[in-house]
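Keep in mind it's a predicted model, so treat the numbers as computed, not measured. Here is the naming used below: chain letters follow the sequence lines, and residue numbers restart at 1 for every chain.
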Amino acid sequence: MDYLKELNPPQREAVERTEGPVMIIAGAGSGKTRVLTYRIAHLIYARGVDPFQILSLTFTNKAAAEMKHRIESLVGLDARNTWMGTFHSVFAKILRVESEKIGYPSNFTIYDTDDSKSLIRSIVKEMRLDDKVYKQGVVLSRISGAKNRLISWQAYQKDPFVKADDEAAMRPRMGEIYQKYQDRLFKSGAMDFDDLLFNTNVLFRDHADVLNKYQHRFKYVMVDEFQDTNLSQYLITKKLAAVHQNICVVGDDAQSIYAFRGADIQNILNFEKDYPDLFVVKLEQNYRSTKTIVEAANSIIDKNKAQLKKTVWTSNPDGDLIELIKATSDNEEGRIVATTIFEERNNKKLNNSDFAVLYRTNSQSRAIEEALRKMNLTYKIVGGLSFYQRKEIKDLMAYMRFTVNSVDEEAFKRIINYPKRGIGDTSVEKILVAAYDHDMPLWEVVQNAPNFLSGRAGSSVDDFATMIKAFQIEVERKDAFEAANFIAKQSGLLRELYEDKTIEGLNRYENVQELLNAIKEYVDNPENEDKSLGAFLQEIALLTDNDRDKDTTDAITLMTIHSSKGLEFKQVFVVGMEEDLFPSQMMMQSREDLEEERRLFYVATTRAMDKLYLTYALTRYRFGRLLNCEPSRFLEEVDPATIKVNKRMSATREMPGAMRQEGLPGGSGFIGLKKKPESRVPSQMKIHTPSPDFKPSNTNNLQAEQLVEHPKFGFGKVEKIEVEGLNRKATIKFEHFGEKTLLLSFAKLRIID
DNA sequence: ATTCGGGTCGTTTTT
DNA sequence: CGACCCGAAT
């Protein structure tokens, strides 16, 4: 039991108190993850609990993976058998087994936000409502909010308060949309994210035997980031723990920053009421930050009324004062951040990865990125467009989804005419209408297309159905990887991408390859018993970009404060400390909103271990308008004893000589990419027939000014040649297609001399 | 089937 | 300002 010696008394108490309801209030940097992992290890080691009986729920896959990894190194492979994952993934797994009891197929699809929005759009359109009033986002968040509070569409329509709300917002038919939305999801054999939790509640409510089974299976239930749970999640946990009462929640009310998506801070503030014999442990010693930073953070959060009393302290050294930096503009702010990182890194022998720049809104990253790039500092952006949201990935996944669950409407709409097979919107509409009019499953209609569509469209859909049937046979016989490969090839999707030799096209092709690799890895992983495509799809539906292998490159991290939770860095910059930006003007409707912004500021400051910088700009552009910015009220709230106003770096300042030279190659420090412009090729010109004698030339000696022929884009003139790493890129101006940049190692070009 | 022009709107984000 | 959506025009 050596590991217990590594813990301080409250941590140890939190680990050893395994029986009965426990709430661990864990201040920032107080070793929360360590306590959680040791607690699980302790259950297995000291108490002899079967890992199979321990359920731990987290908020991100990353947190779950990290914890699993740490337990494994503590306990060994036994740890594999504990149930650990996000609320959504754990209950998706359970629903997969039990869904038929509530009328869903066991191979149900999970709709992501895009699918949900697209479905809402169709419904609003079909109801002939104004989509400017019933905006997808608004409608979805309203429905989502209801589901998170366990309000079914029936209850929604009956509730007079809800009704009054919707009418006041000039959206009286919201209840109807909710009903139709649920109906369509059901008929598509699909659940959205909120349904995974909502339906688990339904399952446990209506099927006592099922609830009983899981209540007895999970003798110990643990919830991480408890301050971020919504009602739906909380009730599931409560039900599961009702028999053994071994429920342990870990959280920090001071870091509750997700109210806007249904998290209810009252869950943590009122937890005691639900469990009168609750044992509360407070972890108040901070191991992460300097005294200065801890004091500053405390001075902010103390202003909040709604909070659990605790005093976070540290025995770490005082450290440097927080630097408050005033910049004249957002670009200067970026420059100051970049030069400061550059100097600090060299003076203190730090790595890029020791630095983070945090902002309130994603759009603020631009100025910072520009400045970092100019100084050739490597950076990465966390968040932004996810891998799984890329069009090419969603397309292939839609094929796989439809093969597995051939009533999935959103998947159907995505692939029925991509690659093009002459089935336009009208035909698609006819198919869907037919399905609803005759109350037939979508797949029935597709299989009998000629009955519903005339002429060419009918036979095209027929061919499509034949193809899908071939896929289904493949899926039944082969594992996920082989089936996915088959689908990617036979659908024509891979070929479509392969033929596009532009940089963006290559990226898309590589992305698809990467997805296929991920499937291969999934199949090869002995931990995954079910190697079918269906099983893989279920796994991947709940992944986000943050879960993918992060590159090992040493880079400065840029992200929003929200996504910084749980992380730590030696030096942290919080930029954009201006009134109305942070705290955000849009957010500030009530005292609660101000308090949430304050907690957000608390989260930001407590990411820093050694040094914290707060910066603001006096002018900033927003929506094309020049703003005059006042320093944020938060700057006034921070204990002034912890701050020094940095005159040295404010105002205009010379950059170090080495940085000043013009024409430094900018691009190499650039890892993150927020948005890739799609290459737009005018369709009439798509088909260039290569000359009969077309043979790709050796492009090793390709020069500017030379004339070339491309099999797809036709004739063009080389504008310039660049070297990027091992690759050479040629920018070529084509007769009809304009400028394209091609990678020479891939492009097939014929040199015309 | 695509493209272009006009109009709108603009947090935070996980699953 | 600029991204996105939609409808009119090709």
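In this structure, A:Leu95 places its CG atom 18 Å from P of B:dT15, rounding to the nearest Å. Following rounding to the nearest Å, A:His88 (NE2) and B:dT15 (C1') show an atom-to-atom distance of 4 Å. Here the C1' atom of nucleotide B:dT15 and the NZ atom of A:Lys147 are 13 Å apart, to the nearest Å. The nearest whole Å value for the distance from the CD atom in A:Gln255 to the P atom in B:dT13 is 16 Å. Distance A:Tyr621 OH to C:dC1 P: 10 Å, rounded to the nearest Å. B:dT15 atom C1' lies 14 Å from atom CD of A:Glu225, rounded to whole Å. Rounded to an integer number of Å, the gap from CG of A:Leu196 to P of B:dT14 is 17 Å. Distance, A:Asn148 CG to B:dT15 P: 14 Å, rounded to whole Å.
For A:Lys413, the salt bridge (Lys or Arg N to Asp or Glu O under 4.0 Å) partners are A:Glu409, A:Glu410, not counting sequence neighbours.
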Please tabulate the protein-to-nucleotide N/O contacts below 3.5 Å involving nucleotides 10-12 of chain B, giving atom names and distances.
unit_1	atom_1	unit_2	atom_2	d
B:dT12	OP1	A:Asn362	N	3.0
B:dT12	O4'	A:Arg360	NH2	3.3
B:dT12	O2	A:Arg360	NH2	3.0

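For A:Thr60 and B:dT15, a side-chain-to-base donor-acceptor distance below 3.5 Å is absent, hydrogens and geometry of angles not being considered.
Sequence order on DNA chain B of the closest nucleotides to A:Asn417 and A:Ser89 puts A:Asn417 first from the 5' end.
Heavy atoms of other residues, nucleotides or ligands lying less than 6.0 angstrom from CD of A:Glu630 number 12 at most. Crowding of A:Arg495 atom CZ: a count of heavy atoms from other residues, nucleotides or ligands under 6.0 Å not exceeding 12. At most 12 non-hydrogen atoms from other residues, nucleotides or ligands lie less than 6.0 angstrom from CZ of A:Arg149.
Remark: A:Arg598 is not positioned above the aromatic ring of A:Phe634, lacking an NZ or CZ atom under 6.0 angstrom from the ring centre and at most 45 degrees off the axis.
Residue A:Asn61 places none of its side-chain N or O atoms closer than 4.0 Å to OP1 or OP2 of B:dT14.
Closest approach of A:Thr58 to A:Thr60, counting heavy atoms only: OG1-O, 3.2 Å. The two residues A:Leu197 and A:Ile236 have their closest heavy-atom pair at O-CD1, 3.6 Å.
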